[in-house]
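To start, the structure under review is shown below, and the notes come after it.
Counting from 1, the numbers follow the sequence of the chain as shown.
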Amino acid sequence: MLYFTAQECTECYACRLKCSFVKEKEYNPAKARLGIDGKWPRLPELKNCRQCKKPACVEVCPVTALTQAEDGVIAVDYDLCTECGLCVEACPFDAVLTFEGKIHICDTCNGEYHCTKVCSTGAISRERRSK
């Protein structure tokens, strides 16, 4: 699980760049599996899959392109996905991201969470930080 401290986020997008490179072999934050929604002067918000116990995105998929493993991680079968967008609309956390119709959902990088390793401020981490 990811934890986010908005007050420490500089919106540098290092997390998104790392994610896109690990997953797409391309430095393109639009292809990341997580988002940083910056609304300056308000604090940024992290948009990432929270591996819900009963994920709405999986439930609405008409072609079962989304499946959830026992550990909660949601996988996308791109061969089955029709890019209908129902999962995007169903997610209450705006965590199903899209780029040119292709959906992107955080799969935790097999528990590695590469995004946390490049956050220079510690705004995004694997452990809850005390204030």
Side-chain angles (χ1 to χ4, degrees):
M1 174 175 234
L2 290 178
Y3 296 98
F4 185 65
T5 308
Q7 297 86 345
E8 295 185 16
C9 179
T10 63
E11 298 180 49
C12 69
Y13 289 168
C15 56
R16 297 186 71 203
L17 290 168
K18 180 66 172 187
C19 178
S20 67
F21 186 76
V22 168
K23 296 300 180 182
E24 302 290 330
K25 304 297 182 241
E26 178 181 337
Y27 289 112
N28 183 343
K31 292 186 176 184
R33 268 88 173 139
L34 75 156
I36 302 290
D37 190 4
K39 297 177 180 176
W40 192 88
R42 292 182 283 159
L43 293 173
E45 297 175 21
L46 177 67
K47 294 185 177 203
N48 73 299
C49 182
R50 298 176 186 181
Q51 289 89 34
C52 302
K53 288 184 181 183
K54 194 173 178 182
C57 61
V58 172
E59 291 180 5
V60 301
C61 183
V63 295
T64 62
L66 300 179
T67 56
Q68 186 175 37
E70 286 185 27
D71 63 359
V73 176
I74 295 171
V76 181
D77 184 334
Y78 291 105
D79 291 331
L80 293 176
C81 182
T82 62
E83 300 175 358
C84 69
L86 291 175
C87 56
V88 176
E89 293 173 18
C91 178
F93 303 106
D94 294 328
V96 181
L97 307 174
T98 61
F99 181 77
E100 295 178 349
K102 183 178 176 182
I103 64 169
H104 298 287
I105 300 175
C106 176
D107 64 4
T108 77
C109 296
N110 294 319
E112 289 289 317
Y113 290 102
H114 292 288
C115 55
T116 64
K117 297 175 182 179
V118 296
C119 183
S120 62
T121 65
I124 186 169
S125 65
R126 293 180 66 183
E127 297 177 9
R128 187 179 304 271
R129 298 176 55 196
S130 59
K131 294 182 179 185

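Nearest heavy atoms, Pro44 versus Cys9: CG-CB, 3.8 Å. When all heavy atoms of Cys57 and Cys87 are compared, the closest pair comes out as CB-CB, 3.7 Å. The shortest non-hydrogen separation linking Ala95 to Cys49 is CB-N, 3.5 Å. When all heavy atoms are compared, the tightest approach of Glu112 to Thr116 is O-OG1, 4.4 Å. Scanning all heavy atoms of the two residues, the minimum distance from Ser20 to Pro29 falls at OG-N, 4.2 Å.
Evaluation of the salt bridge (charged side-chain N to carboxylate O under 4.0 Å, His left out) test over residues 88-108, restricted to residues two or more places apart or in two chains, returns Lys23-Asp107, Glu24-Lys102, Lys47-Asp94. Sorted by first then second residue, the ring-ring contact (aromatic ring centres under 6.0 Å, His included) pairs that include residues 19-38, not counting sequence neighbours, are Phe21-Tyr27.
Residue Asp71 places its CG atom among more than 12 non-hydrogen atoms of other residues, nucleotides or ligands, all under 6.0 Å distant. For Lys25, the NZ atom sits in a packed shell: over 12 heavy atoms of surrounding residues, nucleotides or ligands are nearer than 6.0 Å. More than 12 heavy atoms of other shown residues, nucleotides or ligands fall within 6.0 angstrom of atom NZ in Lys31.
Between the side chain of Arg16 and the main chain of Glu11, no donor-acceptor pair closer than 3.5 Å is present. Between the side chain of Gln68 and the main chain of Cys52, a donor-acceptor pair closer than 3.5 Å is present.
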- Task: Go through the steps for Leu2 and Cys115 under the test side chain to side chain contact (heavy atoms under 4.5 Å, CB included), then give the verdict.
- Result: CA-CA 10 Å; Leu2 290 178; Cys115 55; 4.0 Å; yes
- Item | Audit row: Phe4, Ile36, side chain to side chain contact (heavy atoms under 4.5 Å, CB included) steps and yes/no | CA-CA 10 Å; Phe4 185 65; Ile36 302 290; 4.0 Å; yes
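Val60 and Tyr78 fall into different hydrophobic clusters, defined by Ile, Leu, Val, Met, Phe, Trp and Tyr side-chain heavy atoms under 4.5 Å apart, directly or through other members. Residue Val96 is grouped with residue Val76 when hydrophobic side chains (ILVMFWY) are merged at heavy-atom distances under 4.5 angstrom, including chains of intermediate members. Both Tyr13 and Tyr113 are part of a single hydrophobic cluster, where members link through side-chain heavy atoms under 4.5 Å apart.
Atom NE2 of His114 is separated from atom SG of Cys15 by 13.5 Å, given to the nearest 0.5 angstrom. Interatomic distance, Ile105 CD1 to Asn48 CG, rounded to the nearest 0.5 Å: 11.5 Å.
Looking only at side-chain heavy atoms (C-beta outward), Gln51 and Thr108 come within less than 4.5 Å of each other. In this structure, the side chains of Leu34 and Ile124 come closer than 4.5 Å at one or more pairs of heavy atoms.
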